[in-house]
**Q** 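Below: one structure in structure tokens.
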Number of protein chains: 2
Amino acid sequence: MPSARPLRRDAQRNRELLIDAARTAFAERGLDVPLEEIARRAGVSIGTLYNRFPHRAALIDAVFADRITATAALAEHVLTMADAWEGFVFFLEHVCEWQAADRGYSDLAARHIPEATATEEARRHGYALMQRIVTRAQESGALRADITLEDLAFVIWGQARTVEATHDVAPRAWRRHLALMLDGLRAPAAHPLPEPPLRPEEAARAMRGRCD
Amino acid sequence: MPSARPLRRDAQRNRELLIDAARTAFAERGLDVPLEEIARRAGVSIGTLYNRFPHRAALIDAVFADRITATAALAEHVLTMADAWEGFVFFLEHVCEWQAADRGYSDLAARHIPEATATEEARRHGYALMQRIVTRAQESGALRADITLEDLAFVIWGQARTVEATHDVAPRAWRRHLALMLDGLRAPAAHPLPEPPLRPEEAARAMRGRCD
DNA sequence: CTAGAACTTGAGGGTGTCCTCAAGTTAATC
DNA sequence: GATTAACTTGAGGACACCCTCAAGTTCTAG
């Protein structure tokens with residue numbers, strides 16, 4: 001839906017400068033980077049930032065909506081791969097790689113931003129596809145049968161922490177942690193789990209808790 | 001080492017009130033809780049807090065040094081258990097339980113606080129014991145041979161994130177994540193790991209990065 | 001009981017971030 | 001080129017947290 005009035009040329013230009021600046025700032029310093037730093041990097045005043053994006057979530061939406069859509073596209077691609085387990089691993093590896101390359105993306109994995117509507121919409125779509133990746137890998141017999149989509153949230157949260165901690169010191173270290181985790185997710189490794197899985201709305205509330 | 005002069009009675013009392021207040025405040029809100037909140041909970045002024053504890057790390061030290069010593073004691077106990085793998089699991093479960101019960105303890109797992117000298121000293125001792133727990137479990141054949149003490153840091157960092165996220169929503173959910181992780185740590189589950197382990201000083205730097 | 005050292009207090013200065021708005025500037029239109 | 005709506009600007013108020021210090025209070029030793 002193109003907005004009622006198009007932006008004036010200079011405003012449009014500033015909007016793009018801001019999105020570029022926000023992209024790199026979020027990537028380097030996470031979603032909590034000061035908005036004034038984004039304005040400075042874009043070479044505009046803080047007032048202009050607020051003119052274009054009334055709140056942080058609007059900026060996050062502008063930067064990340066397509067990133068999350070790309071994650072969904074990755075998921076779609078994975079569903080076409082011949083080996084379901086390989087697809088499952090391929091998907092997790094790529095998501096973690098993106099986490100490692102972009103601290104903002106990594107933050108998004110652990111937080112809902114309710115006002116970032118396009119991002120959240122894309123996320124919802126991505127979850128549906130991830131559910132299919134999980135189910136397919138389970139049906140193939142390679143992924144343990146007792147885990148759920150919500151359990152993947154654990155994996156991704158934990159992975160995000162490892163990525164953050166080791167990013168500057170050993171940028172590829174997360175691969176080792178992921179490999180350990182994957183060994184625990186293989187069907188032959190499965191021992192009975194001590195707790196029932198999170199219900200979907202519990203997982204949602206867990207993310208909403210850290211919402212902003 | 002008793003200090004040169006003992007504190008005046010009222011000062012001693014305030015010191016204890018502050019430690020008690022800090023203990024619960026750290027537990028509920030983590031190590032970054034505002035110092036003014038601790039003073040308020042203790043019923044003393046912010047000035048008094050600074051008189052007793054010149055910086056946050058001194059307060060952390062007063063609250064957590066014995067907590068970390070208790071962790072080391074747990075480790076010692078585990079080394080006397082008959083089954084090395086059971087001991088390894090027992091240790092991790094208890095550490096995670098403490099993480100779940102105390103957000104400050106959980107923060108400490110991911111951060112060095114160089115000025116908190118007693119805490120850091122106790123930590124160092126704890127690490128040495130953990131190394132023995134790992135080695136013993138590996139020698140028993142139950143724990144995969146290719147992991148190191150530093151890899152446990154991944155496990156504990158990731159676990160901390162899960163504990164935080166699910167604490168209010170499903171306080172026992174972390175047990176499920178830990179169980180998945182443990183299944184990846186059993187020797188029969190092992191597939192070759194893609195990266196070399198962190199060197200100890202890399203792990204130390206990873207923690208120093210998030211230091212304060 | 002008194003003197004003085006030890007202690008407490010909270011107002012206030014410093015910093016960093018958020019967000020607003022009145023005044024000035026610029027692009028689009030005729 | 002003039003008009004006006006759209007836009008930019010940055011100073012500044014609000015807030016939260018840090019930490020200090022001069023003035024007032026309380027403990028303790030003699």
Side-chain angles (χ1 to χ4, degrees), chain A residues 2-22 25-26 28-63 103-104 107 111 113-116 210-212, chain B residues 2-22 25-26 28-63 103-104 107 111 113-116 210-212:
Chain A
S3 48
R5 299 256 152 182
L7 286 175
R8 227 169 70 174
R9 175 121 10 103
D10 55 343
Q12 180 60 36
R13 167 114 184 97
N14 284 338
R15 200 184 115 88
E16 277 151 22
L17 287 172
L18 281 164
I19 291 175
D20 287 350
F26 285 145
E28 288 172 20
R29 325 231 347 275
L31 296 181
D32 292 325
V33 65
L35 295 179
E36 325 226 302
E37 177 173 336
I38 294 176
R40 190 174 44 66
R41 291 200 199 205
V44 305
S45 83
I46 183 65
T48 296
L49 186 150
Y50 277 98
N51 285 344
R52 291 300 122 248
F53 302 95
H55 42 251
R56 184 182 295 268
L59 201 43
I60 292 173
D61 223 16
V63 168
R103 209 158 138 23
D107 285 352
R111 271 196 227 172
I113 317 278
E115 303 88 350
R210 323 202 74 255
C211 125
D212 203 354
Chain B
S3 48
R5 298 260 152 180
L7 286 175
R8 227 169 70 176
R9 178 122 8 104
D10 55 345
Q12 180 59 36
R13 167 111 185 100
N14 285 336
R15 200 184 115 89
E16 277 150 23
L17 287 171
L18 281 164
I19 292 176
D20 287 350
F26 286 144
E28 288 171 21
R29 319 243 268 101
L31 296 182
D32 292 326
V33 65
L35 294 179
E36 326 225 300
E37 177 173 336
I38 294 176
R40 190 174 44 66
R41 291 202 200 205
V44 304
S45 82
I46 182 66
T48 295
L49 185 151
Y50 277 97
N51 285 344
R52 293 298 124 247
F53 303 96
H55 42 251
R56 183 182 295 269
L59 202 43
I60 292 173
D61 224 17
V63 169
R103 211 161 138 18
D107 285 352
R111 270 196 227 171
I113 316 280
E115 302 89 350
R210 323 203 74 255
C211 124
D212 204 354

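All figures in this text were calculated on a predicted structure; none of them were measured in a lab. Protein chains get the first letters and strands the later ones, always in sequence-line order, with residue 1 at the start of each.
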**Q** Does the distance from a Lys or Arg side-chain N to an Asp or Glu carboxylate O, for B:Glu37 and B:Arg41, drop under 4.0 Å?
**A**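 Here B:Glu37 pairs with B:Arg41 in a salt bridge, since their nearest N and O are under 4.0 Å apart.
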**Q** Mind checking if A:Arg52 touches a base, just sugar-phosphate, or nothing, with heavy atoms under 4.0 Å?
**A** sugar-phosphate
**Q** Classify every nucleotide of nucleotides 12-18 of chain C by which part a protein heavy atom approaches to under 4.0 Å, writing B for the base, S for the sugar-phosphate alone and - for neither, in 5'-to-3' order.
**A** -----SB
**Q** Rounded to the nearest Å, what distance is computed from the CZ atom of residue B:Arg13 to the P atom of nucleotide D:dT26?
**A** 16 Å
**Q** Would B:Tyr50 and B:Leu35 satisfy side-chain contact (heavy atoms from CB on, under 4.5 Å), going step by step from the backbone distance to the final call?
**A** CA-CA 9 Å; B:Tyr50 277 97; B:Leu35 294 179; 3.3 Å; yes
**Q** For A:Val63 and A:Ala22, work out which heavy atoms get closest and say how close.
**A**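 Smallest heavy-atom distance, with atoms named: CG2-CB, 3.7 Å.
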**Q** For the side chain of B:Ala11, counting heavy atoms from C-beta on, which of D:dT8, C:dT8, D:dT9 is nearest?
**A**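 Minimum distance to the B:Ala11 side chain belongs to C:dT8.
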**Q** Could you go through the side-chain contact (heavy atoms from CB on, under 4.5 Å) check for B:Phe53 and B:Ile19 one step at a time?
**A** CA-CA 10 Å; B:Phe53 303 96; B:Ile19 292 176; 3.7 Å; yes
**Q** Is the distance from OP1 or OP2 of C:dT9 to the nearest side-chain N or O of B:Thr48 less than 4.0 Å?
**A** yes
**Q** Within the 4.0 Å limit for protein heavy atoms, which parts of nucleotides 23-30 of chain C are touched? Write it as a string from 5' to 3', B for base, S for sugar-phosphate only, - for none.
**A** ---BSS--
**Q** Within this structure, what is the CG-to-P distance between B:Leu59 and D:dC18, rounded to whole angstrom?
**A** 11 Å
**Q** Nearest-Å distance, CG (B:Asn51) to P (C:dA5)?
**A** 17 Å
**Q** Between B:Arg56 (side chain only) and B:Val33 (backbone N and O only), is there a donor and an acceptor less than 3.5 Å apart?
**A** yes
**Q** Could you tell me how far apart A:Phe53 (CZ) and D:dC7 (P) are, to the nearest whole angstrom?
**A** 13 Å
**Q** Let's go through A:Leu49 and A:Leu59 carefully: what are the C-alpha distance in whole Å and the side-chain angles of both, what is the deciding distance for side-chain contact (heavy atoms from CB on, under 4.5 Å) to 0.1 Å, and is it a yes or a no?
**A** CA-CA 9 Å; A:Leu49 186 150; A:Leu59 201 43; 4.2 Å; yes
**Q** Between atom CG in B:Leu17 and atom P in C:dC7, what is the gap in whole Å?
**A** 15 Å
**Q** For a quick test of reading the model, state the closest non-hydrogen atom pair linking B:Gly30 to B:Arg103 and the distance between them.
**A** N-CB, 3.8 Å
**Q** What are the two closest non-hydrogen atoms of A:Ala57 and A:Ala116, and how far apart are they?
**A**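 Heavy atoms of A:Ala57 and A:Ala116 come nearest at O-CB, 3.8 Å.
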**Q** Whole angstroms only, please: what is the CG-C1' distance between B:Leu49 and C:dG10?
**A**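 Distance, rounded to whole Å: 14 Å.
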**Q** Rounded to whole angstroms, how far apart are NE2 on A:His55 and C1' on C:dT20?
**A** 16 Å
**Q** For A:Ala25 versus A:Ile38, what's the shortest heavy-atom pair and its separation?
**A** CB-CG1, 3.9 Å
**Q** Quick one: is A:Asn14 getting a side-chain N or O under 4.0 Å of the D:dT8 phosphate, OP1 or OP2?
**A**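 For A:Asn14, the contact criterion (side-chain N or O under 4.0 Å from OP1 or OP2 of D:dT8) is met.
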